[in-house]
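All values below come from the heavy atoms of this structure, side chains included, with hydrogens, waters and symmetry mates left out. Residue numbers begin at 1 in each chain, while the letters A, B, ... track the order of the sequences.
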Number of protein chains: 2
Amino acid sequence: MVTLKDIAVKVGVDVSTVSKVLQGAPIRISDARREEIVRTAQEMDYRPNLMARGLRLKRSNALAMIVPTTTSYLYPEIIDGAEQAAEERGYALFLIKSQNPHTRLLSVVGHGRIDGLVFADDQPSEEVASRLNSLDVSWVCLNRTKPDDHGHVALDDEAGFNAQAEHLLKLGHRSIVFVSVTPSSYISGLCTRMFIDRMKKEGVDLPQTHLFQSEFDGGQAADIADIIAELSPRPTAVAAASVQIASRIVESLRAKGLRIPEDISVVGYHDSPTALWPPPGITTVKMPSRRQGYQGVSRVIDLLNGVHFEGETIDERPVVIERGTCAPL
Amino acid sequence: MVTLKDIAVKVGVDVSTVSKVLQGAPIRISDARREEIVRTAQEMDYRPNLMARGLRLKRSNALAMIVPTTTSYLYPEIIDGAEQAAEERGYALFLIKSQNPHTRLLSVVGHGRIDGLVFADDQPSEEVASRLNSLDVSWVCLNRTKPDDHGHVALDDEAGFNAQAEHLLKLGHRSIVFVSVTPSSYISGLCTRMFIDRMKKEGVDLPQTHLFQSEFDGGQAADIADIIAELSPRPTAVAAASVQIASRIVESLRAKGLRIPEDISVVGYHDSPTALWPPPGITTVKMPSRRQGYQGVSRVIDLLNGVHFEGETIDERPVVIERGTCAPL
DNA sequence: TTGAAAGCGCTAACAC
DNA sequence: GTGTTAGCGCTTTCAA
């Protein structure tokens, strides 16, 4: 392992000089010296000892993002955004599989090993949260279980479900089914309301018989599709709060002999590889998940630098990705 | 932040004494003292500074596992096993999303931040491998692209495809299709051969027309199912090298009006949540992936402790999970 | 322009 | 039984 001292000895200067030069600190030094130091460091493949630096600076320059066990298809995008932000700001980003309770998390994050955390899935319990604070670990959540919690980086689901509703309305649909997700966050519990409200503005009422609930991964979607197929009069469109649900519904309705989108239009929510099945894919509302990951990391780093932060909603516009499961009435 | 010194001052002893007591080192000290030190540490919620310890010991006690971008369904099991091993041996385990090339990996692993790596997906390039070695980072791979590479923790796919073949043979099938995966590792390139060899032992020959290749995630499976359905005489069983492929084939064959398993039996490879679709799920060969993750981490830790390691094949037996897509001829 | 020195929190060899 | 001491590699203040 090559240290600052090795370089210092080789060049014939003091370690502190090498340290300053390598950091690009604004010191006055002859260009020749500076160049020689930099070159020598490269030649020797010098890599700073992060433990020593961390001990001195009380900073590890490492972040971790907690992601769920189930390989839910939203996370690759979030992770990509998060990694980009981390890289841009010179931080290392690790992933930790989320587990409940988060007790093991504390020993992994440890003391000084990780500067900040992004909870991409669930949220820390009161106890874990206060331990994190006492360990001086900054953290933000991407999901919300309560409206007024510790700083969050949330998606604008109101805009998302608005966009979904508008897409169907624009195509002329008025007899619509909405399949929400089992509440797992503050927002998912409200999605039915958001969708209904937007519909009501257009004078479209959704009766109770047109409201369903499924697991995010599409668990009960097949049963729901059975019921939808039997409704009379048959609705002309189905909006689902996840693309997995939409995908399953398309499969099930087709299996019953219904044509999608000719007989019924189907639209999902969020975009992911799942949305490509069945081919040529599900029409869906793409939310700015990548950006959410990016901002999550950015905000944690800001917190570390003393920049206060109350919470944030990503204002990038939702985009309807048309893949052929929606048609005009 | 509370340090050893804080405790030492409070109790009225030296830091080194506190250090030794808290590590449970075999020193002679009065029980009263020892008890007081331990109690005080607890009361003050002492947490060792991992940077300081790491600097001193030249060990971070942290490992990372490289997992692929695509949320392939095998990984949850591998990760679970890996985390268990890490926890048992007192290591923190982080996940890093695999990326090609691995250049960013080096800066994330840094110098001293991570003691060892498990590559769960691909393998490091020559260059990255040599950098890791020069950084004194131990590593193992779970996959193999070459037969005689740096120490691996591999699955016994020979036994796996044997078990798959035997299951179909035992049910009386003799006209069989095999769908392999696009080679991504040393083993996956050989899977067709393993299956065929086992079949040949029983006097069953697979003609070229009965051999297909698909992406691991089932990409081309629908097209392949189309061809299978038209084969004449129609084969009585399909063996696939992934459960995703099997799942897609079952769906496609059923969509064409064939009954599974009455008309054709289908068996997958590996087990995962995907195997539950379509209900009640796909009959498959479960490989010891959990164990593979566990051993991967164990071996890295062994390497760190100077225990040499050439490579290993998990000898836990593959198990056929019967879910109803296979029937006797 | 450059160097000396202190110290981050911890461990371990050695002294008493 | 317990304390002294040195040092891991780095940064930063202060001195020259």
Side-chain angles (χ1 to χ4, degrees), chain A residues 1-38 40-41 44-62 90 92 110-115 135-136, chain B residues 1-38 40-41 44-62 90 107 110-115 134-137:
Chain A
M1 188 184 57
V2 25
T3 70
L4 284 185
K5 195 173 172 190
D6 297 329
I7 300 172
V9 168
K10 192 146 193 174
V11 177
V13 293
D14 188 81
V15 282
S16 63
T17 308
V18 179
S19 171
K20 281 175 267 188
V21 166
L22 257 29
Q23 292 174 66
I27 61 160
R28 292 182 306 172
I29 190 176
S30 67
D31 282 356
R33 271 269 159 99
R34 154 167 275 131
E35 197 273 329
E36 191 185 0
I37 290 172
V38 171
T40 310
M44 300 178 80
D45 194 25
Y46 168 74
R47 307 226 157 214
N49 182 317
L50 299 176
M51 289 295 168
R53 180 179 280 174
L55 175 59
R56 181 66 231 245
L57 262 29
K58 300 188 181 310
R59 281 285 189 92
S60 66
N61 262 261
H111 199 147
R113 183 139 56 190
I114 294 290
D115 293 336
L135 285 175
D136 215 25
Chain B
M1 188 184 59
V2 25
T3 69
L4 283 186
K5 194 173 172 189
D6 297 329
I7 299 172
V9 168
K10 193 146 193 174
V11 177
V13 293
D14 188 80
V15 281
S16 65
T17 309
V18 180
S19 170
K20 281 174 265 186
V21 165
L22 257 29
Q23 291 173 66
I27 60 160
R28 292 183 306 172
I29 190 176
S30 66
D31 282 355
R33 271 269 157 99
R34 153 166 276 132
E35 197 272 330
E36 189 185 1
I37 290 172
V38 171
T40 310
M44 301 178 80
D45 193 24
Y46 168 74
R47 307 221 158 219
N49 182 317
L50 299 176
M51 290 295 170
R53 181 179 280 174
L55 176 58
R56 181 64 233 242
L57 261 30
K58 299 186 181 314
R59 281 287 188 91
S60 65
N61 262 258
S107 70
H111 197 148
R113 183 140 57 192
I114 294 289
D115 292 336
S134 77
L135 285 175
D136 215 26
V137 173

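If you measure from atom CG of A/Leu50 to atom P of D/dC8, you get 18 Å, rounded to the nearest angstrom. The interatomic distance linking A/Arg113 (CZ) with C/dG9 (C1') rounds to 15 Å, in whole Å. The distance from atom CD1 of B/Ile37 to atom P of D/dG3 is 8 Å, rounded to the nearest whole Å. Counting to the nearest Å, the P atom of C/dC10 and the CG atom of B/Asn61 are 15 Å from each other. The distance between atom CG of B/Asp136 and atom C1' of D/dC8, rounded to the nearest whole Å, is 15 Å. Atom CE of B/Met51 and atom P of D/dC10 are 14 Å apart (whole Å). Protein atom CZ of A/Arg53 is 16 Å distant from nucleotide atom C1' of D/dC8, rounded to whole Å.
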Side chains of residues 17-25 of chain B: which donor-acceptor partners sit under 3.5 Å, not counting sequence neighbours?
from    : atom 1 : to      : atom 2 : distance (Å)
B/Ser19 : OG     : B/Gln23 : NE2    : 2.9
B/Gln23 : NE2    : B/Ser19 : O      : 3.2

Which donor-acceptor pairs under 3.5 Å do side chains of residues 2-10 of chain B form with protein atoms, sequence neighbours excluded?
from   : atom 1 : to     : atom 2 : distance (Å)
B/Thr3 : OG1    : B/Lys5 : N      : 3.2
B/Thr3 : OG1    : B/Asp6 : N      : 3.4
B/Thr3 : OG1    : B/Asp6 : OD2    : 3.4
B/Asp6 : OD2    : B/Thr3 : N      : 2.8

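When the side chain to side chain donor-acceptor pair (under 3.5 Å) test is applied to A/Thr40, no partner is found at least two apart in sequence or on another chain. Partners of B/Asp14 under the side chain to side chain donor-acceptor pair (under 3.5 Å) rule, at least two apart in sequence or in another chain, are B/Ser16. Under the rule for a salt bridge (Lys or Arg N to Asp or Glu O under 4.0 Å), B/Asp31 has no partner lying at least two apart in sequence or in another chain. Residues satisfying the side chain to side chain donor-acceptor pair (under 3.5 Å) test with A/Asp115, not counting sequence neighbours, are A/Ser60.
A/Leu50 contributes atom CG, which lies 9.5 Å from atom OG of B/Ser107 (distance to the nearest 0.5 angstrom).
Between A/Gln23 and D/dC10 there is no side-chain polar atom (N or O) within less than 4.0 angstrom of OP1 or OP2.
Side-chain contact between A/Asp136 and B/Met1 is absent, with no heavy atoms from C-beta onward closer than 4.5 Å.
Applying the salt bridge (Lys or Arg N to Asp or Glu O under 4.0 Å) definition to pairs two or more places apart or across chains, those involving residues 45-56 of chain B are A/Arg131-B/Asp45, B/Asp45-B/Arg47.
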Annotated protein contacts, base or backbone, on nucleotides 2-8 of chain C with a non-hydrogen cut-off under 4.0 Å, one of B, S, - each: BBBBBBB
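For B/Ser19, the listed nucleotide lying nearest its side chain is C/dT11; candidates were D/dC10, C/dC10, C/dT11.
Axis angle between the ends of the helix from C/dT1-D/dA16 to C/dC16-D/dG1, five pairs each and rounded to 10 degrees, works out to 50°.
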